[in-house]
Amino acid sequence: MASLVDVHTHVYLPRYASWLRSRSIAPRILVNEAGEERLLILENETSAGRPVGPSYWDRNAKLSFMNQHGIDISVVSFANPWLDFLSPPDAKSLAQDLNTDLEDYCATSPTLSFSSLKRIYGLGLLPLVPGISISSVLEAVSQIAKAPHLKGLIMGTKGLGKGLDDDALDPVWQAIEDNGLVVFLHPHYGVDSSAWGEKENGHVLPLALGFPFETTTAITRFILSGAFDRFPSIKILLAHSGGTLPQLSSRLASCIDHDPIVASRLKHDARFYLGKLWFDAVAYGPEELAFVSEIISRAGRYESGTSNTKAIADRKEGSKRMLFGTDHPFFPPLSSSEKWKSVVENLEAIESVSGWGEVEKKGVSAGNALGFFGIQ
């Protein structure tokens, strides 16, 4: 069986990179004065973009990274900003083409030396832009569901422009649930940049805080909308270990209890719904992983009508919903011969969680992902 599966690893396929090169405003790929290609994701970025190269689109580069770090299987997803910047017709057309490209990218990847499994599987994308018809989005869901090597889709936090609590998305959630697809929820926009002040701190605050805050807000709005009560079997994987939701979940539950607008809307205490989510293990520290796994494990205590209200949190049980990831190809080392910190530190974190035995560590490293994505 595979011993290491990466569920948080990105790609810009050549067709998408060509779109970015054709643009004069962000998101775009530009050539700087030194003749280097740079990726500018947001117009107000504090730098002139980040270096971009074959690791973003070349499958051999992805496989080389995997081989260097002992990663058996990668579940690749398109990197942000996906199709957010396109018109509805362009988004619909490009989504169809990119999903086809990604299926080919995965289907023609090599197999494991000890198994018939492919080394690369994928998460497609939907044309989620303001003004698009729901039927167009549902066509993309159907396309992904029919692709043998696509196991779900990656989604940003905007939805159709009104967020993930938009009632107009209900047919989309229903189709995703009916087809057993995974939704990988990933941030892009962060929070209002004025919060970061005037002192130059590079990308640190937007990436370290803005991304997790964005994810927290988006999934909390989804929970508050009652979507988990309407679609109880939908499978949602949160990037960056769920942002700050685990830390703030009891505060969230208390605020709901004291708010007449929301208090009667949900079938269960808000903390129950954390047990319906999955979390990548891209947290970089064992204490953070331990904390998240304990918060996940206590969810059953908050199911409406349960008599098991005193159950003790068990981080071993919570680990079953956590999955290893690397965030490749972002944050590369300075030397190509060096191992990537995102791999080394996250593996060390998994290995060092107090209270996790070999079963839990192997589960987070690979087994959980194989089951979650149905890779068998």
Side-chain angles (χ1 to χ4, degrees), residues 7 10-13 15-16 19 75-107 121-189 215 218-219 221-239 273 276-278 372-375:
V7 306
H10 296 300
V11 64
Y12 285 158
L13 293 182
R15 189 188 305 270
Y16 187 79
W19 266 87
V75 183
V76 302
S77 54
F78 293 99
N80 49 304
W82 312 289
L83 307 176
D84 291 13
F85 55 95
L86 296 176
S87 67
D90 285 342
K92 178 180 179 179
S93 175
L94 191 55
Q96 183 178 37
D97 290 342
L98 288 174
N99 287 331
T100 298
D101 291 347
L102 184 60
E103 168 62 21
D104 181 68
Y105 177 97
C106 299
Y121 293 86
L123 300 176
L125 78 175
L126 304 179
L128 291 173
V129 295
I132 193 131
S133 67
I134 292 297
S135 62
S136 294
V137 180
L138 294 178
E139 286 176 19
V141 174
S142 178
Q143 179 192 17
I144 293 168
K146 293 175 182 176
H149 300 90
L150 302 187
K151 300 301 181 179
L153 54 105
I154 188 168
M155 182 183 292
T157 63
K158 292 285 190 180
L160 297 168
K162 297 180 180 180
L164 304 187
D165 54 1
D166 184 356
D167 292 339
L169 285 171
D170 274 12
V172 179
W173 301 131
Q174 186 69 67
I176 290 170
E177 182 185 51
D178 289 346
N179 284 286
L181 298 174
V182 170
V183 176
F184 181 25
L185 181 60
H186 194 288
H188 170 64
Y189 298 96
T215 301
I219 194 59
R221 287 175 59 182
F222 180 87
I223 292 170
L224 292 181
S225 75
F228 267 128
D229 294 329
R230 299 193 299 279
F231 312 106
S233 298
I234 197 165
K235 299 191 291 186
I236 298 180
L237 170 66
L238 299 184
Y273 300 103
K276 301 185 76 65
L277 293 163
W278 280 261
F372 182 51
F373 288 105
I375 298 174

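Computed from a predicted model, the values in this text were never measured in an experiment.
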(request) Please tell me if the side chains of Leu237 and Phe373 come closer than 4.5 Å, counting only heavy atoms from C-beta onward. (result) yes
(message) Measuring from atom CG of Leu126 to atom CG of Leu181, what distance do you get when rounded to the nearest 0.5 angstrom?
(response) 9.0 Å
(message) If I take atom CG from residue Leu13 and atom CG from residue Asp104, how far apart are they, to the nearest 0.5 angstrom?
(response) 9.5 Å
(request) Report the distance from atom CG of Leu224 to atom CG of Leu164, rounding to the nearest 0.5 Å. (result) 12.0 Å
(request) Identify the two heavy atoms, one from Leu125 and one from Ala140, that lie closest to each other, and give their separation to 0.1 Å. (result) O-CB, 4.3 Å
(request) Without swapping roles, check the side chain of Asp166 against the backbone of Ala168 for a donor-acceptor pair under 3.5 Å. (result) yes
(message) Under a plain distance cut-off of 3.5 Å, with no hydrogens placed, do Tyr189 and Asn80 share a side-chain donor-acceptor pair?
(response) no
(request) Spell out, as yes or no, whether a donor-acceptor pair under 3.5 Å connects the side chain of Ser142 to the backbone of Leu138. (result) no
(request) Could you tell me whether a side-chain N or O of Arg15 sits under 3.5 Å from a main-chain N or O of Leu94, the two making a donor and an acceptor? (result) no
(message) Are the side chains of Val182 and Val75 in contact, using a 4.5 Å heavy-atom criterion?
(response) no
(message) Distance check, rounded to the nearest 0.5 Å: Lys276 atom NZ versus Ile223 atom CD1?
(response) 11.0 Å
(message) Using side-chain heavy atoms (C-beta onward) and a distance below 4.5 Å, is Val76 in contact with Leu102?
(response) yes
(request) State plainly whether the residues Lys158 and Asp84 are in salt-bridge range, i.e. N to O under 4.0 Å. (result) no
(message) Quick check: closest heavy atoms across Arg221 and Gly163, and the distance to 0.1 Å?
(response) NH2-CA, 3.8 Å
(message) Less than 4.5 Å apart, side chain to side chain, heavy atoms only: is that true for Thr100 and Gln143?
(response) yes
(message) What's the separation between atom CG in Leu185 and atom CH2 in Trp278, rounded to the nearest 0.5 Å?
(response) 14.5 Å
(message) For a 4.5 angstrom cut-off between non-hydrogen side-chain atoms, does Phe372 reach Val7?
(response) no
(message) So does Pro127 get a backbone contact from the side chain of Lys92, meaning a donor-acceptor N/O pair under 3.5 Å?
(response) no
(request) Just say parallel, tilted or perpendicular for the rings of Phe78 and Tyr16, cut-offs at 30° and 60°. (result) tilted
(request) Measure the shortest side-chain to side-chain distance between Ile132 and Leu160 over non-hydrogen atoms and say whether it is less than 4.5 angstrom. (result) yes
(request) Measure the shortest side-chain to side-chain distance between Val137 and Leu169 over non-hydrogen atoms and say whether it is less than 4.5 angstrom. (result) no
(message) To the nearest 0.5 Å, what is the distance between CZ on Arg230 and CD on Glu177?
(response) 11.0 Å
(request) Specify the closest pair of heavy atoms between Trp82 and Phe85, including all atoms of both residues, with the distance to one decimal. (result) O-CE2, 3.2 Å
(message) Check the orientation of Phe222 and Phe228. Use parallel for under 30°, tilted for 30 to 60°, and perpendicular for over 60°.
(response) perpendicular
(request) Determine the minimum heavy-atom distance between Phe184 and Leu238, stating which atoms define it. (result) CE1-C, 4.2 Å
Identify every side-chain donor-acceptor pair in residues 144-156 under 3.5 Å, counting partners at least two apart or on other chains, and give the distances.
from: His149; atom 1: ND1; to: Glu103; atom 2: OE2; distance (Å): 2.7

(request) Could you pull out the closest heavy-atom pair between His186 and Ala239, with the gap in Å? (result) CD2-CB, 4.0 Å
(request) Determine the minimum heavy-atom distance between Leu83 and Ala95, stating which atoms define it. (result) CD1-CB, 3.5 Å
